[in-house]
Amino acid sequence: MKIGFIGLGIMGRPMAKNLLRAGHALTVCDHHPEHVAELAAAGARAADTPREAAAGNELVITMLPNSPNVREAVCGEGGVLEGAAPGTVLVDMSSIAPGASQEIAAACAEKGVKMLDAPVSGGEPKAVDGTLSIMAGGERAVFDAVRPVLLCMGASAVWCGEIGAGNTTKLANQVIVAANIAAVSEAMMLARRAGVDPARVFDAVKGGLAGSAVLNAKTPMMLERNFAPGFRIDLHIKDLGNALETGHAVGAPLPLTAAVMEMMQTLRADGRGGDDHSALVGFYEKIAGETIA
Ligand code: NAD
């Protein structure tokens, strides 16, 4: 297919490269010229604006930080809606607020553009491997039509409901991950203070009910003091903010999310917003005055 791809960050670059590898023709755009140059070297056509990236393409994919970025790139001056012909499909793969997806989809509908929200889980390694988990919302028939393209970037693509359902699913994912990292951090500090090596605790419990993908991925990072992102605390704060806003709007109290949000805010205030979210253990270490390692 002829695809416009907007947003070539940590995730967008490998995702766009997988689309090129699968034989799709890509026009790409990003605020950072060096990111555009990297994709141009891999065979993509460079565009200066989202409008140019959208023009003449059947499908446009956005992979941007948050709701305001997607609004600007799609509805703003020089945006996708100035370049896209009626019938174009927009798939926003960014993690944004579900309400924002619905607003942007309504603006798209006025121009005859169909939109899906299709955020991803799996992080940079799975973006590189093309094995992301993709969770989508929007018209089922539109999802079915673009599913083969999504599967060039992901191992799974699940239709979750109407527009916004993909991002609601992603928020649920981020709540589960955040609370899980906090629980692992709390448990490992308990072990450390009680005189049991957290590395032994990890080995002993990972095969039991406490085992999880989060425990397996994040505990070694905590023990090795490797907090290179991965998934930055700043981005997780953005997701938990969207979860709290959505929870308030729909009447779903999120007490655990609120607590972990304040832990992450503490780390950001300490200048650690750029660390991987496994650095959440640093909140407990700050209180305890010692590390778990
Ligand atoms: P990033 O900050 O690395 O990349 C975002 C890119 O968007 C940047 O290159 C920026 O220049 C570009 N950009 C911003 N506004 C633009 C505009 N108006 N026009 C053109 N380009 C614009 O972010 P990322 O880590 O790639 O994450 C992208 C999205 O994916 C976020 O919503 C994030 O929450 C989500 N996500 C990230 C991960 C991860 O592990 N990094 C995992 C799953 C989901």
Side-chain angles (χ1 to χ4, degrees), residues 4-18 27-39 44 46-54 60-83 90-98 100-101 104 117-136 153-155 166-167 169-178 181 213-214 217-218 221 227-243 264 273-279:
F5 198 109
I6 302 158
L8 303 170
I10 293 180
M11 298 295 285
R13 286 200 302 284
M15 289 163 69
K17 283 179 189 169
N18 281 330
T27 310
V28 299
C29 148
D30 191 280
H31 283 334
H32 293 286
E34 67 275 17
H35 294 171
V36 175
E38 186 179 326
L39 262 293
D48 287 331
T49 60
R51 173 180 52 207
E52 222 183 281
V60 178
I61 295 176
T62 42
M63 191 55 170
L64 301 165
N66 200 5
S67 315
N69 311 96
V70 180
R71 259 194 215 103
E72 183 201 330
V74 176
C75 309
E77 201 182 321
V80 170
L81 291 181
E82 290 182 1
L90 168 67
V91 181
D92 177 36
M93 302 190 75
S94 329
S95 305
I96 71 172
S101 298
I104 296 164
D117 62 316
V120 307
S121 174
E124 189 186 15
K126 294 196 173 207
V128 172
D129 292 352
T131 57
L132 291 164
S133 299
I134 300 171
M135 43 210 96
M153 298 175 280
N167 272 307
T169 305
K170 175 67 183 180
L171 291 182
N173 181 86
Q174 294 305 78
V175 165
I176 293 167
V177 171
I181 298 176
V214 165
K218 300 301 171 184
M221 292 179 75
F227 299 124
F231 191 73
R232 286 181 282 119
I233 284 177
D234 280 337
L235 278 179
H236 216 141
I237 285 176
K238 178 262 299 181
D239 290 335
L240 297 190
N242 285 336
M264 290 194 179
D275 282 0
D276 186 74
H277 53 176
S278 55

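In each ligand, atom 1 is the first atom listed, and ligand 1 is the first ligand listed. Quick caveat, the model's predicted, so the values are computed rather than measured.
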Nearest non-hydrogen protein atom, [atom]:
{"atom": "atom 9 (O) of ligand 1", "value": "D30 OD2, 2.7 Å"}
{"atom": "atom 39 (C) of ligand 1", "value": "F231 CD1, 3.3 Å"}
{"atom": "atom 2 (O) of ligand 1", "value": "R232 NH2, 3.5 Å"}
{"atom": "atom 35 (C) of ligand 1", "value": "S95 OG, 3.6 Å"}
{"atom": "atom 17 (C) of ligand 1", "value": "H31 NE2, 3.3 Å"}

Provide the closest heavy-atom pair for I6 versus A73 in the form atom of the first, atom of the second, distance.
-> CG2-CB, 4.4 Å
Out of curiosity, is K170 lining ligand 1, as in a heavy atom under 4.0 Å away?
-> yes
If you measure from each heavy atom of G230 to ligand 1, is any distance below 4.0 Å?
-> yes
Output the list of atoms in ligand 1 that are nearer than 4.0 Å to some heavy atom of [X], sorted by atom number.
{"X": "K238", "value": "31 (C), 32 (O), 33 (C), 34 (O)"}
{"X": "H32", "value": "9 (O), 11 (O)"}
{"X": "L8", "value": "9 (O)"}
{"X": "G9", "value": "1 (P), 3 (O), 4 (O), 6 (C), 9 (O), 26 (O)"}
{"X": "G123", "value": "40 (O), 42 (C)"}
{"X": "P65", "value": "5 (C), 7 (O), 14 (C), 31 (C), 32 (O)"}
{"X": "H35", "value": "9 (O)"}

Within reach of ligand 1, part of [X] (heavy-atom separation under 4.0 Å):
{"X": "L64", "result": "both"}
{"X": "M93", "result": "neither"}
{"X": "I6", "result": "side chain"}

D276 side chain to R232 main-chain N or O, any donor-acceptor pair under 3.5 Å?
-> no
Hey, is NZ on K126 packed in by over 12 heavy atoms from elsewhere, all under 6.0 Å?
-> no
Beyond-backbone contact of L132 with M11, side-chain heavy atoms, under 4.5 angstrom = yes
Any I134 side-chain heavy atom under 4.5 Å of M93 side chain | yes
To the nearest 0.5 angstrom, please state how far the CE atom of M15 sits from the CD1 atom of I10.
-> 13.0 Å
Flag I10 as yes when one of its N or O atoms lies below 3.5 Å from any N or O atom of ligand 1, and as no otherwise.
-> yes
Would you tell me which option among V120, V74, T62, N69 has the nearest heavy-atom contact to atom 44 (C) of ligand 1?
-> V120
Options H277, M15, M63, M11, ranked by nearest heavy atom to atom 42 (C) of ligand 1, top entry | M11
Would N66 and N242 count as a side-chain hydrogen bond (donor to acceptor under 3.5 Å, both in side chains) if you check the C-alpha gap in whole Å, the side-chain angles of each, and the deciding distance to 0.1 Å?
-> CA-CA 9 Å; N66 200 5; N242 285 336; 3.2 Å; yes
Assign the ring pair F231 / H236 to parallel, tilted or perpendicular, where the plane angle (0 to 90°) is split at 30° and 60°.
-> perpendicular
Worked check of side-chain hydrogen bond (donor to acceptor under 3.5 Å, both in side chains) between S95 and D239 = CA-CA 7 Å; S95 305; D239 290 335; 4.5 Å; no
Applying side-chain contact (heavy atoms from CB on, under 4.5 Å), name anything that partners V214, two or more places apart in sequence or on another chain.
-> V177, N180, I181, S212, K218
Not counting sequence neighbours, list each pair that qualifies as a salt bridge (charged side-chain N to carboxylate O under 4.0 Å, His left out) and has a residue in residues 64-77.
-> R71-E103
Step by step, would you call I104 with D92 a side chain to side chain contact (heavy atoms under 4.5 Å, CB included)?
-> CA-CA 10 Å; I104 296 164; D92 177 36; 5.7 Å; no
